[in-house]
Amino acid sequence: MDNDTLWLIVGFLGQGLFSARFLVQWLASERQKRSVIPTMFWYFSIFGGVTLLVYSIHKQDPVFILGQGMGLLIYFRNLYFVLRHPRAGDDVGQA
């Protein structure tokens, strides 16, 4: 496997992780019959965002770097709020 193929796999993996957060959110909302954002949404956002940031740094794409970097700040902050201030009935740690 050459270097270009490896980086392409990293990029697709990051996009897959990032996109999976919407599947997690949709399934959790369907289960509860209302719109919810489960804790796993933030974990997928972070793991996908970090992977895409690494990929964008490799590609030297400043637009993509800025977008993923700023998004990560928001995802980490939201996860901090969820873990620091859980509410009764919250799904901390669940998908």
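The residues of the chain are indexed from 1 along the displayed sequence.
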Identify whether [X] and [Y] are in the same connected component of the hydrophobic contact network (ILVMFWY, side-chain heavy atoms under 4.5 Å).
{"X": "Phe81", "Y": "Tyr43", "answer": "no"}
{"X": "Trp42", "Y": "Phe22", "answer": "yes"}
{"X": "Leu53", "Y": "Leu6", "answer": "no"}
{"X": "Tyr80", "Y": "Val82", "answer": "no"}
{"X": "Ile37", "Y": "Trp26", "answer": "no"}

**Report entry** Considering all heavy atoms, the nearest Phe41-Arg21 contact
**Finding:** CD1-O, 3.3 Å
Query - For Trp7, the option from Asn3, Ile9, Thr5 that meets side-chain contact (heavy atoms from CB on, under 4.5 Å) - result: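 Between Trp7 and the candidates, side-chain contact (heavy atoms from CB on, under 4.5 Å) is satisfied uniquely by Asn3.
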Side-chain contact test, heavy atoms from C-beta onward, threshold under 4.5 Å: evaluate it for [X] versus [Y] and give yes or no.
{"X": "Tyr55", "Y": "Asp61", "result": "no"}
{"X": "Gln25", "Y": "Pro38", "result": "yes"}
{"X": "Leu17", "Y": "Leu13", "result": "yes"}

Query - Point-to-point distance, once rounded to the nearest 0.5 Å, from CZ of Phe12 to CG of Leu52 - result: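 With rounding to 0.5 Å, CZ (Phe12) is 11.0 Å from CG (Leu52).
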Report summary line: Separation between CG (Leu8) and CG (Asp4), nearest 0.5 Å, reads 8.5 Å
Between side-chain atoms of residues 63-77 and protein atoms elsewhere (two or more places apart, or another chain), which donor-acceptor pairs fall under 3.5 Å?
none

